[in-house]
Amino acid sequence: MLAESGILLSVRSGSPFLIGSPERSDVSLLVKVLMNMAMSVSNTGERRSQQNTRPACNTTSFQKKSRSKLVSIPGTRPSVQNGQLIVSTGVTSLDYVIGGGLAVGTLLLVEEDKYDSYSRMLLKYFLAEGVVCGHHVFLGSARDPPDEIMQDLPAPILDDIPSNAVNMGQVTACDSEDQGSMKIAWRYQNLPKVQTALASSSRFGHYYDASKTMARELREAVKCSTFFLPHELPAESHAEPSPISEAYRLLLRSIQELIRQEGFDGTAPQKSRNILRIGLHSLGSPLWADDICCEEKPTQASSLTSFLYGLRALLRSSLCTCMVTVPSHLIQNRAIMDRVTRLCDTAIALESFRGSERETNPLYKDYHGLLHVKQTPHLNCLVCEAPDTKDLAFKLKRKQFSIERLHLPPDLSDTVSRSSKADVAESARLLSSACGGLATSNKHLDF
Amino acid sequence: MLLDVIQGTENGGFVIIQDTVECCGRQLLQSCIAAALHREEDVHVLAFEVCEEDVRLRLDRKCEQRLCVHNGYTDPLGWSEHPLFTVHQFISEELNVHLSGSEESKPATLVIDSLSWILRHHPPAVVCQRLQELRRGGALRRVVALLHCDLHQQGIVGSLCHLATAVISVVPGDRGQQAVAKTTRRTKSGKVTHEEEYFSVKEDLTVTVESRPSHHGRPQTEEDEREVDPAANLTFNLRLSEGEKEAKEKLSLPFVFSAEKKSALLQPRPGSGRIVYDPDASDDFDPEDPDDDLAV
């Protein structure tokens, strides 16, 4: 069956957590997991073919039953698509766009918008989700003190059903007033309108109120480690040449020590396993002592890329996820940005309309910016989950960060040539009665 | 918004005044100094590009004791035995000593003329870190710096403006004497506002702001005005009178069903179809069964 589905996987005794089987000796469980993954891949194929025929929303309510032998960590669940252990990014529409959620052991890159307003909000949502799920949180920053960022996390809405629940086209009892709403096309009045909001049918992740901050008790219930560069950087730096700069080396070392101390790399007992969420703000900016934002030929061009390489190695061998924001609009050399994107697993870019000429474009008036999905990962499978449309726009509402499909509204301007039914009937009547008069009055018409 | 930024109502701000060879921003810088002195604040000026007399030139004599000019003009690189202020002292901790040397505990405003000079002698990453450090330390309320953006690569200017809370770009206006100031301000909550204004600086260093400059790149509104309504002068009638509108409403459409039939068709019913018969106006519907006559 494995040969039929075409999965190539090398099974080693020290299998990483991504497969979902922590026991090294339990080979039969591993085989079951692999068979399940193969089934899920073929299921994905069936589901896709069904999607083409189904006109309504293309999400599935299929959820795999979790096996009792696997340890279940709060705030995570196995992915519907490929069985990976995934966590929510804090924004449910972003989870949908990147394929269900962020897989444990992977790195999410967010390219910042011009004034760093929305990428900062995404980072806060990520950390707030960690606090609500009870994960261990690590925050690294060079610009603002991490305590300030932690105090500014949005408050969770804990007992609310989202107001934009997926409308499956259920028919409510129509009374005569409703039937008068569409006079001619009344057969279509109960069909669902164009589904712009992206959401999956099963609820995973929480909603946050951006206008309120999280209560202190909630925040202090979770373990939080921070790294603030100006405090950690020694006054006298001994400059030994190395491919990675001092600041990044210190950050990597502090993450490594935290993983080792708290046992996220598998040394902790099974019952008390938890996820470490790492949030790194504005890597690559000059405040991290990096000059890729300032010059086209920077002296330490490979510093950030070496750091990301080391970080990803740490993530793959432990129960961690990481979100990194990079001010890509400042990076002068496109090659460096491409390398940074390749080194991360999932990459999205935010482009906000503020301060640009698009702000006044009527097409974009409902939204705050565009979201581009630059890369999605292949994790232990051959296909990657990409959203079905590439034109995505985001809007930061008070209770939700919503990401929607951007579609062109109908062109209702006066210059569009369009004849209404009444005008056609009128002109037809007039033409039939006074045909000759019209022809002579208009000098452009000559027969 | 230019006046708000010059007056400096919020704390912890970092204002960059960007200018070019075509239009100098030093007058705006002087007006910032004057405004801060009028607000009775301590002002420290790091003068690298102008001498001390030029800084004090048009300022009010009364407020002068609150102004402290660090002379980096005569010997900026420290070639003589006893330099007054060097460019290297900006990076080191000595500047903190100078700034906290004043007796009062009120935080001061730091004015840098100019940042381009410092960027020539130190790597930009170091300058950014130092500026951030100066902002975070409690001794300063605000930092205002002049930056000549045509002297540096775009990346350096971009990185510095990324750190700033307000950026004022001064460009020559097309109206002859007046210059245009493009102000972008970013608040802590992430709100960004942008404005373009004509401004002029008077002899006593007060700034007057004129109306906004008209945008040249908007031909669309003119076109709309020039476009004539095509339905205006026609020899035939395109509009409906009241009686005609009523007749149009009364017109019965061909597939209009009764309410019952509509609701029956709208609800999805499982199983086989259901026939709902709605007799038409011309239908001859006799509810009696014609087979009743048969005597079978």
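This structure is a prediction, so every number in the text was calculated from the model and none was measured. Just so we're on the same page: letters track the sequence lines, and every chain starts at 1.
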J.: Under a 4.5 Å heavy-atom cut-off, does chain A meet the side chain of B:Gln153, its backbone, both or neither?
T.: side chain
J.: I'd like to verify something: which residue of A:Ser117, A:Ser352, A:Cys293 has the highest number of heavy-atom pairs under 4.5 Å with chain B?
T.: A:Cys293
J.: Under a 4.5 Å heavy-atom cut-off, does chain A meet the side chain of B:Lys182, its backbone, both or neither?
T.: neither
J.: Do you know which of B:Pro123, B:Cys161, B:Pro124 has the most heavy-atom pairs with chain A at a distance under 4.5 angstrom?
T.: B:Pro124
J.: With no hydrogens and no angle check, do the side chains of A:Glu111 and A:Ser328 hold a donor and an acceptor under 3.5 Å apart?
T.: yes
J.: Are side-chain N/O atoms of A:Arg398 and A:Ser211 paired as donor and acceptor at under 3.5 Å?
T.: yes
J.: Please look at A:Asp152 and chain B and tell me whether the side chain, the backbone, both or neither of the residue comes under 4.5 angstrom of a heavy atom of that chain.
T.: neither
J.: Closest heavy-atom contact between B:Ile16 and B:Leu160?
T.: CD1-O, 3.6 Å
J.: Chain A heavy atoms under 4.5 Å from B:Ser159: which part of the residue, side chain, backbone, both or neither?
T.: both
J.: Any side-chain heavy atom of A:Val326 within less than 4.5 Å of one from A:Glu112?
T.: no
J.: Evaluate the side-chain proximity of A:Leu251 to A:Glu232: yes if any heavy-atom separation is below 4.5 Å, no if none is.
T.: no
J.: Tell me yes or no: between the side chains of A:Asp116 and A:Ser282, is some donor less than 3.5 Å from an acceptor?
T.: no
J.: Find the one option among B:Arg136, B:Lys191, B:His152, B:Glu133 whose heavy-atom pairs under 4.5 Å with chain A are most numerous.
T.: B:Arg136
J.: When heavy-atom pairs shorter than 4.5 Å are enumerated against chain B, which of A:Trp288, A:Tyr118, A:Phe228 gives the highest number?
T.: A:Phe228
J.: Quick one: which of A:Glu295, A:Met121, A:Glu296, A:Lys114 has the most heavy-atom pairs under 4.5 Å with chain B, could you say?
T.: A:Glu295
J.: Among B:Asp4, B:Leu3, B:Leu2, which one satisfies side chain to side chain contact (heavy atoms under 4.5 Å, CB included) with B:Thr183?
T.: B:Leu2
J.: Identify which of B:Gln154, B:His194, B:Gln132 forms the greatest number of heavy-atom pairs closer than 4.5 Å to chain A.
T.: B:Gln132
J.: Please determine, by modelled atom types, if B:Ser114 and B:Glu49 share a side-chain donor-acceptor pair under 3.5 angstrom.
T.: yes
J.: Given a strict heavy-atom distance threshold of 4.5 Å, which part of A:Arg143 is in contact with chain B: side chain, backbone, both, or neither?
T.: both
J.: Using non-hydrogen atoms only, which part of A:Ile292 is less than 4.5 Å away from chain B: side chain, backbone, both, or neither?
T.: neither
